[in-house]
> 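The structure that follows is given in the form of structure tokens.
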Amino acid sequence: MNFRDEIFNLIKKIPVGKVATYGAIARALSKPGAARAVGNALNKNRDFVKIPCHRIVRSDGIAGGYVLREKKKTEKLRREGVRIEKGKIVDFEKYIYKF
DNA sequence: ATTATGACCGAAG
DNA sequence: GCTTCGGCCATAA
């Protein structure tokens with residue numbers, strides 16, 4: 001089980017309409033501070049079917065990076081019911097998925 | 001082993 | 001509200 005797979009197994013459980021921060025993922029894997037590494041791992045993987053990588057956002061409420069640009073990412077989130085204004089998520093806490 | 005890179009984070013100006 | 005900076009960690013070269 002490598003780092004990438006750990007992340008996949010974790011985030012593929014995130015339900016529609018919910019999101020998680022890179023930092024949260026890192027902590028859930030008992031590796032606090034590895035937020036950056038998480039994003040790096042997601043960047044390499046692009047299995048859109050199995051992995052909903054668009055549900056992973058930054059701690060400040062901004063969508064963050066994405067293979068197809070941040071714009072597409074926020075669109076997908078909106079489509080799932082997440083309200084976003086000025087590029088930031090409204091009522092951030094409300095959408096956070098806790099592990 | 002050393003260096004560089006990136007979908008990050010938090011604090012500081 | 002914004003930009004900068006230092007620190008963080010897994011990968012690739």
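Here is how names work: the chains are called A, B, and so on, in the same order as the sequence lines, proteins then strands, and each is numbered from 1.
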> Contact class for A:Val67 vs. all strands (heavy atom < 4.0 Å): base, sugar-phosphate, or nothing?
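It contacts base atoms.
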> Using atom CZ of A:Phe3 as one end and atom C1' of B:dG6 as the other, report the distance to the nearest whole Å.
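Taking atom C1' of B:dG6 as the reference, CZ of A:Phe3 is at 13 Å.
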> Heavy atoms only, 4.0 Å cut-off, all strands: where does A:Ala37 land among base, sugar-phosphate and nothing?
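Answer is base: heavy atoms of A:Ala37 come under 4.0 Å of a base.
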> Quick one: is B:dC8 close enough that its OP1 or OP2 comes under 4.0 Å of any side-chain N or O from A:Arg58?
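Answer yes for this pair, as a side-chain N or O of A:Arg58 is under 4.0 Å from OP1 or OP2.
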> Just call it for A:Lys44: base, sugar-phosphate, or nothing, with non-hydrogen atoms closer than 4.0 Å on any strand.
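Sugar-phosphate contact only - A:Lys44 comes under 4.0 Å of backbone atoms but never of a base.
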> What is the distance, to the nearest angstrom, from the CD1 atom on A:Ile89 to the C1' atom on B:dA7?
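Answer to the nearest Å: 14 Å.
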> For a quick check under 3.5 Å, do A:His54 and A:Glu75 share a side-chain donor-acceptor pair by atom type?
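Judged by distance alone, the side chains do not pair up.
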> Side chains of A:Phe99 and A:Ile25: does their closest heavy-atom pair fall under 4.5 Å?
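A:Phe99 vs A:Ile25: side chains touch.
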> So which nucleotide from C:dA10, B:dA7, C:dC9 ends up closest to the side chain of A:Ala34?
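Nearest nucleotide to the side chain: C:dC9.
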> To the nearest Å, how far apart are A:Asp60 CG and C:dT3 P?
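The distance from CG of A:Asp60 to P of C:dT3 comes to 12 Å, rounded to the nearest Å.
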> If you look at every strand shown and take non-hydrogen atoms under 4.0 Å, does A:Lys88 touch a base, only sugar-phosphate, or nothing?
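Sugar-phosphate contact only.
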> If you check the A:Thr21 side chain, which of C:dC9, B:dA7, B:dC9 turns out closest?
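Looking only at heavy atoms from C-beta outward on A:Thr21, the closest nucleotide is B:dC9.
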> Using atom CZ of A:Arg27 as one end and atom P of C:dC8 as the other, report the distance to the nearest whole Å.
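The distance from CZ of A:Arg27 to P of C:dC8 comes to 16 Å, rounded to the nearest Å.
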> Does A:Tyr97 reach the side chain of A:Arg55, with side-chain heavy atoms less than 4.5 Å apart?
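No. Closest side-chain heavy atoms not under 4.5 Å.
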> Whole-Å distance between B:dA7 P and A:Ile7 CD1?
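For the pair A:Ile7 CD1 and B:dA7 P, the rounded distance is 14 Å.
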> Ignoring hydrogens and angles, does a donor from either the side chain of A:Tyr22 or the base of B:dA7 sit under 3.5 Å from an acceptor on the other?
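Present.
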> Closer to the 5' end of DNA chain C via nearest nucleotide, is it A:Asn40 or A:Arg36?
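Closest to the 5' end, via its nearest nucleotide, is A:Arg36.
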> Knowing that exactly one of A:Val57, A:Val38, A:Asn40, A:Ile7 qualifies, which makes a side chain to side chain contact (heavy atoms under 4.5 Å, CB included) with A:Tyr22?
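Answer after filtering A:Val57, A:Val38, A:Asn40, A:Ile7: A:Val38.
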> Return the value, rounded to whole Å, for the distance between atom CD1 of A:Ile56 and atom C1' of B:dC9.
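Result: 16 Å.
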> Looking only at side-chain N and O atoms, does A:Ser59 come under 4.0 Å of OP1 or OP2 in B:dC8?
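So the side-chain polar atoms of A:Ser59 never come under 4.0 Å of the phosphate oxygens OP1 or OP2 of B:dC8.
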> Can you measure A:Ile25 atom CD1 to B:dC9 atom P for me and round it to whole angstrom units?
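Checked: the CD1 to P distance equals 11 Å.
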> Rounding to a whole Å, what distance do you find between A:Phe8:CZ and C:dA10:P?
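Result: 16 Å.
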> If we count only N and O atoms by modelled type, under 3.5 Å, do the side chains of A:Asn2 and A:Asp5 hold a donor and an acceptor together?
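A pair is found: one side chain offers a donor N or O, the other an acceptor, under 3.5 Å apart.
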